[in-house]
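Okay, structure first, notes after.
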Protein chains: 2
Amino acid sequence: MPASAQIHQPLYEVKADLFRGLAHPLRIRVLEILSEQVARSYDGDPTDGDAMGGEVGGVPVSDLLQQTGLEASHLSQHLSVLRRNNLVVGERRGSQVFYRLAYPQVADLLAVARVLLREILQTNQDRLTSSESLPAVGNSHRRDRTAR
Amino acid sequence: MPASAQIHQPLYEVKADLFRGLAHPLRIRVLEILSEQVARSYDGDPTDGDAMGGEVGGVPVSDLLQQTGLEASHLSQHLSVLRRNNLVVGERRGSQVFYRLAYPQVADLLAVARVLLREILQTNQDRLTSSESLPAVGNSHRRDRTAR
DNA sequence: ATGCGATATGATGAAGTTATCAATTCATCA
DNA sequence: TGATGAATTGATAACTTCATCATATCGCAT
C-alpha cells in the first residue's frame, strides 16, 4: 500500500473500522435492541410495561444482559467495542449504565442492511429452488458453498 | 442462548456476516470503485475515456488491480470474500473477469455508512476543538484513544 | 468506612483473518 | 499443442479478535 494513502485516504480505513464494529452477531443484537428502544420511544408502544425496558433514555446493561443471556464481562467487552467505534454511548445514572445509539443514523444503517439482506436471501432462495446453475466465476469447480 | 435462536434467528449471524464482508479497507475500496462505475453508467460521464474503466458491465480485475496497486492474488482473495458474501458478482468475458455490485443496495449501504461517518467524524472534530470533556462511561481514565 | 450490586478492565488461550508466495486453471494466440 | 496473460486457489506465518476467568472500579446503602 502506498504511503500516500495513509495521509490522504485513511477514509477506507475509517469506514472499514465502522463496519468492523458491526461485524459480530452479538453487537448486531445489541444495536437492534437499542434501535427498537428508539423506535418505541416515538410511538410509545405500551407493551413493555416497565419491568422490561429503559424508559427515560437508553437501555440499562442489566436489560441487555438478560435479553442476550450473556456473561456480564463478555457483553461489556462488546459494548466497549461499540463505544470505541462511536456506535453507542453509555451514560451512568445512579448505579446503572444506560446505553443508547450514538446517532439515529446507526439505526438507518441497520435498516438498509436489512433490506439488502432480504434481497440476498431471497435471491439465494430462488437459486436453490430453481437450481439454475449460473456459470459464475471462480474457476468454477467447487460449486455450492451455500452455507458459507 | 436458546437453541431456538439457531433455527429461527441466525439472522444476527447473517447480518454480522454481511458486515464482516465489508470490514476491510481494501474491500471497501473495491466496492466504492464498483459503486462509482454504476453511478457513471447512468449519467454517462465521459471522463473515463476508455483506457480506464469498464464499459459494458463491470470493472475488469485488471483495472481494480491497477487502481488499488495490489498484488493479484491478494486482490483475488478479497474479491472472493466479497463474492462469498454476495456483495459482488464476477463474470468472465473472454480472458478477463468483470466485477460489479451484486445489488444496487450495496451502494446504498455504503452511502448510508458515509453519512453516518460524516456525523461521527464531525462530532469527534467538535469534541477535539472544544475539548468539552464528557464524563463518558468507561471508568473514565484513559482518555483519547483517538487513532484507534 | 465497609460491603454489595452493577459494570468495566486485564490477561490468556482458542479461533479467525490477512498478507505473501507457490501452484493451478482458463482462454487466447502463435 | 504449447506458451502466455489473466485470475483464482492453496498453504502458511503474522496478526486480530473472541470467549473466559479473575480482578478492579463506581455508586449506593448500611
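Note that the structure is a prediction, hence the values are computed from the model and not measured. In what follows, chains carry the letters A, B, and so on, assigned in the order in which the sequence lines appear, proteins first and then strands, with residues in each chain numbered from 1.
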When the distance from [atom1] of [X] to [atom2] of [N] is rounded to whole Å, what number comes out?
X     : N      : atom1 : atom2 : answer
A:L79 : D:dA19 : CG    : P     : 13 Å
A:L70 : D:dC18 : CG    : P     : 13 Å
A:R84 : D:dT17 : CZ    : P     : 8 Å
A:N85 : D:dT17 : CG    : C1'   : 13 Å
A:H78 : D:dT16 : NE2   : C1'   : 14 Å
B:H24 : C:dG16 : NE2   : P     : 18 Å
B:R92 : C:dT25 : CZ    : P     : 13 Å
B:E91 : C:dA27 : CD    : C1'   : 15 Å

Output the single nucleotide from [options] whose closest atom is nearest the side chain of [X].
X     : options               : value
B:V97 : D:dA7, C:dC21, D:dA22 : D:dA7
B:S73 : D:dG10, C:dT7, D:dA7  : D:dG10
A:V61 : C:dT7, C:dA19, C:dA22 : C:dT7

_Where B:D17 and B:N85 come nearest, the two heavy atoms and their spacing_ = O-ND2, 2.9 Å
*Identify the heavy atoms of A:A113 and B:F19 that sit nearest to each other, and give their distance.*
CB-CZ, 3.5 Å
*asked:* Side chains of A:V106 and A:S35, heavy atoms from C-beta outward: is any pair under 4.5 Å?
replied: no
*Taking B:R27 for the side chain and B:R20 for the main chain, is one N or O donor matched with an acceptor at less than 3.5 Å?*
yes
May I ask you to verify if any side-chain N or O of [X] is less than 4.0 angstrom from the OP1 or OP2 atom of [N]?
X     : N      : answer
B:Y99 : D:dT8  : yes
A:R93 : D:dG27 : no
B:R27 : C:dT18 : yes
A:R20 : C:dG16 : no

*Sugar-phosphate, base or nothing in reach of A:S62, heavy atoms under 4.0 Å*: sugar-phosphate
*asked:* So for A:Q77 and C:dA8, does any side-chain atom that can act as donor or acceptor lie under 3.5 Å from a complementary atom in the base?
replied: no
*For the base of D:dA19, is there a side-chain donor-acceptor partner from A:E71 under 3.5 Å away?*
no
*Which base sits across from C:dA30 as a Watson-Crick or G-U pair, both distances under 3.5 Å?*
D:dT1
*asked:* Which label fits A:H78 and A:H24: parallel for a plane angle under 30°, tilted from 30 to 60°, or perpendicular past 60°?
replied: tilted
*DNA chain C: A:S95 or B:H74, which has the more 5' nearest nucleotide?*
A:S95
